[in-house]
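As structure tokens, the structure follows; a few thoughts come after it.
In the text below, chain A, chain B and the rest are named by the order of the sequence lines, each starting its count at 1. The model shown is predicted, which means the values in this text are computed figures rather than measured ones.
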Protein chains: 2
Amino acid sequence: MTKKRITLADIAKKTNLSSITISRAFSYPDKVNPETLEIVLKAAAELNYIPNRAARSLKSHQSKIIGIVNPNMSNPFFGQITREMVMKCQEQGYDVLMFDSYELAEFETKAIQNLIEFSVDGIILSTISSDVDYQPTYFDSLKNSDIPVVLLDREIEGDHAGVYIDNLDSAYQIGQYIAKRHAKTQRIDIIGASAISMVSNNRIAGFRAALYDYDIAVHHADFEMQLAYEKAKSLLDEDSYNRVFVGLNNQITLGIIKAIIENGLKPQIDVVVYSIDDVPYSDVFGINIPCMTHNLSEMAFQAVNMIIRLINGEQLNDSKVIIRGILNTPKSGLV
Amino acid sequence: MTKKRITLADIAKKTNLSSITISRAFSYPDKVNPETLEIVLKAAAELNYIPNRAARSLKSHQSKIIGIVNPNMSNPFFGQITREMVMKCQEQGYDVLMFDSYELAEFETKAIQNLIEFSVDGIILSTISSDVDYQPTYFDSLKNSDIPVVLLDREIEGDHAGVYIDNLDSAYQIGQYIAKRHAKTQRIDIIGASAISMVSNNRIAGFRAALYDYDIAVHHADFEMQLAYEKAKSLLDEDSYNRVFVGLNNQITLGIIKAIIENGLKPQIDVVVYSIDDVPYSDVFGINIPCMTHNLSEMAFQAVNMIIRLINGEQLNDSKVIIRGILNTPKSGLV
DNA sequence: CTGAAAGCGCTAACAT
DNA sequence: ATGTTAGCGCTTTCAG
């Protein structure tokens, strides 16, 4: 029934060498005679050898694995950044275990637990929330297990290394752009995450700074589509005349667009929309949303770089990397 | 430096029990005295114990892990189906390791290799291609390692268990719908995957059967957006009058829509579009695409069910499950 | 450059 | 219901 998997010992037998030499051939190829190496590799290939990670990491307590956890792989922001991180980890000799927490605390906790069980060397984590009172219990276990963590995008309270967006500045930048395009009498509706979300609140602060003498209404939802959609919908039902909306992330903006279109209005003509983060598929559907875009490749690079340095026990002179956003306005001048 | 992780032995010491009892407390709680169990669990919690998977799977050669590999997690078809599968695996006591192959053979191979190294109990795989000549080399290793595989959605040559869409029927169903709405003189452009893709060709066959006396032009791209976009664009540049397009999966349809809109035309008014698979975000942007939709939850259920039965060594009386599609036409009658 | 011995943390198999 | 023994496959000493 259970076919026996090929082990180092099998290769050792076949080559009349000891298993440790075989082991070295894979782990430290330069510590073994080139001729021997060739013999080993050939035998391994013939036998179709595949190393056993369990055995390896059991002994060496170094798994060469980085864990990635984020709240929503289907959100292109996380999807793309994860893709870039995976590539970069590979280049650095690390494999990746990725978990989608599906915006659920329960899954996030489970994912972290899993990663600890797998003895990963480090974790890059985007939490489901950036609320100031969001204090996951798993940080204890992480500390106990001595596994370094780099937070990505979603900041939370406490002393954590991380790579973040310059939320305040991003909102300020696009706020200034908005200021140029709309009279001060213009009412502006901002839809963000919870009232205590650090990310959301920094963005709101940025907007307020740029639009200090505008009539700004802030509405709280979360960083998903549905609640934002409902909020926008009820606002439009009240009065759709001359409205300007700002979505504080791409999912929120999608919700706003959905509400606009459902109410028979034309985005950027009847109702103007701005966004933080690029809006997925808006190019496909031909709707230009001026937005703050962020260099996801750079963020991925920084996050991977940071976690690897932490894994190597390096001291970080700066445990926070802040990525500045770039204003991305449509060429075609729809707005 | 290296903090020692808590092990069973630590709990054993603390409770004056043997490690095997502690082990049983976690793996077979009913094989241990309830009072003892309580003591163990309490001690474990106090010590913040986290089991070591490497040790466990090294010994027991049963990892309780299912691997999932698919070509594009950002494609909602795979994103959602994966989500459902993860939930279902959890319910059955399996953890999931998921890999995105990013439509790259190299990554797919690497993912499978990884899963073998992790000694997963089974793999649910959607390959990057369903071309008849796509014969990944890793099936040998899989067979050697005795790891069962269930293919999902993308069929390939050979004797593989799998859960598939009834591609021929799906295309036939929507083909009939199209036949009702367009005169026989109507030219219909179908954009599919490669000329040797089994999935694509089955769908084309279905269309041909339903639209046997129509003027059908089949164009080959792949199951991603870009090529389909280019194809549609060049067709529209030639002549955009009274065209009807069919996209053979959601990504292709997105490419078609992009081309239409870029050419200043209105989807479903100037140019009519049909799709296999729901088109992501089309509801958000208010464009109704009549399509064949598939019960992803059911597919996920079948795939997980099948892999678990294979893991348990059960004989499958039918190693192929075919899911029938449902015609999904807009209520608002845009078409 | 290669090998022998020991042990990582856990769990089958066999006691008691 | 609990304990003893042994060993999974690999790699870290320490020797040669």
Side-chain angles (χ1 to χ4, degrees), chain A residues 1-41 43-44 47-65 116-119 121 144-146, chain B residues 1-41 43-44 47-65 116-119 121 144-146:
Chain A
M1 176 68 236
T2 313
K3 259 180 254 180
K4 203 179 64 70
R5 240 169 75 168
I6 304 297
T7 72
L8 287 187
D10 296 319
I11 305 179
K13 202 171 295 169
K14 179 166 176 141
T15 56
N16 283 320
L17 291 158
S18 73
S19 13
I20 181 61
T21 304
I22 318 294
S23 168
R24 274 195 276 255
F26 291 107
S27 299
Y28 309 96
D30 36 314
K31 295 216 168 202
V32 67
N33 188 314
E35 289 170 29
T36 317
L37 181 63
E38 201 180 338
I39 294 170
V40 173
L41 261 27
L47 291 174
N48 219 325
Y49 171 69
I50 292 191
N52 184 327
R53 255 176 214 272
R56 177 182 302 203
S57 72
L58 182 56
K59 182 67 195 181
S60 70
H61 221 208
Q62 225 234 99
S63 58
K64 281 287 180 181
I65 303 172
I116 299 177
E117 290 183 13
F118 279 114
S119 313
D121 295 333
N144 276 334
S145 318
D146 218 31
Chain B
M1 178 68 235
T2 314
K3 257 179 256 181
K4 204 178 64 70
R5 241 171 74 170
I6 304 298
T7 72
L8 288 187
D10 296 318
I11 305 178
K13 203 172 296 170
K14 180 167 173 140
T15 55
N16 283 320
L17 291 158
S18 72
S19 8
I20 183 66
T21 305
I22 318 295
S23 168
R24 275 194 277 253
F26 290 108
S27 299
Y28 309 96
D30 36 312
K31 294 216 168 199
V32 67
N33 189 314
E35 289 170 30
T36 317
L37 181 64
E38 202 179 337
I39 294 171
V40 172
L41 261 27
L47 291 173
N48 218 326
Y49 170 70
I50 294 192
N52 183 328
R53 253 176 219 271
R56 180 181 299 198
S57 73
L58 181 56
K59 181 65 196 184
S60 69
H61 221 208
Q62 226 232 101
S63 58
K64 281 284 178 185
I65 302 171
I116 299 177
E117 289 184 13
F118 278 114
S119 313
D121 294 335
N144 276 334
S145 317
D146 217 31

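For A:Ser27 and D:dT11, the shortest distance from a side-chain N or O to OP1 or OP2 is below 4.0 Å. Distances shown here put every side-chain N or O of B:Tyr49 at or beyond 4.0 Å from the OP1 or OP2 atom of C:dG9. Taking only side-chain nitrogens and oxygens, B:Thr36 comes nearer than 4.0 Å to OP1 or OP2 of D:dT2. When the side-chain nitrogen and oxygen atoms of A:Tyr28 are compared with OP1 and OP2 of D:dC10, none of them lie within a distance under 4.0 Å. Dashed line: the shortest gap from a side-chain N or O of A:Ser23 to OP1 or OP2 of D:dG9 is not under 4.0 Å. A sub-4.0 Å separation between OP1 or OP2 of D:dT2 and a side-chain N or O of B:Thr21 is absent.
For B:Asn52, the listed nucleotide lying nearest its side chain is C:dC10; candidates were C:dT11, C:dC10, D:dA1. Taking the side chain of B:Leu8 as heavy atoms from C-beta on, and the options C:dT2, C:dT11, D:dA1, the nearest nucleotide is C:dT11.
In this structure, the CZ atom of A:Arg56 is 18 Å from the P atom of C:dG9, given to the nearest Å. Atoms CZ (A:Phe26) and P (D:dT11) sit 10 Å apart, rounded to a whole Å.
A donor-acceptor distance shorter than 3.5 angstrom exists from the side chain of B:Ser60 to the backbone of B:Arg56, with no hydrogens or angles considered. Judged by distance alone, with hydrogens and angles left aside, the side-chain atoms of A:Ser23 form no donor-acceptor pair with the main-chain N or O of A:Ser19 at under 3.5 Å.
Residue-to-nucleotide contacts include a donor-acceptor pair under 3.5 Å from the side chain of B:Arg24 to the base of D:dG3.
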Evaluate the side-chain contact (heavy atoms from CB on, under 4.5 Å) criterion for residues A:Ser119 and B:Arg5: first the C-alpha distance (whole Å), next the side-chain angles of each, then the deciding distance (0.1 Å), finally the verdict. CA-CA 10 Å; A:Ser119 313; B:Arg5 241 171 74 170; 3.2 Å; yes
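Where B:Leu37 and B:Leu58 each meet DNA chain D at their nearest nucleotide, the meeting point lying more 5' is that of B:Leu37. When the nearest nucleotides of DNA chain C are assigned to A:Ser19 and B:Thr7 by heavy-atom distance, the more 5′-ward of the two goes with A:Ser19.
Around the CD atom of B:Gln62, the shell of radius 6.0 Å holds more than 12 heavy atoms that belong to other residues, nucleotides or ligands.
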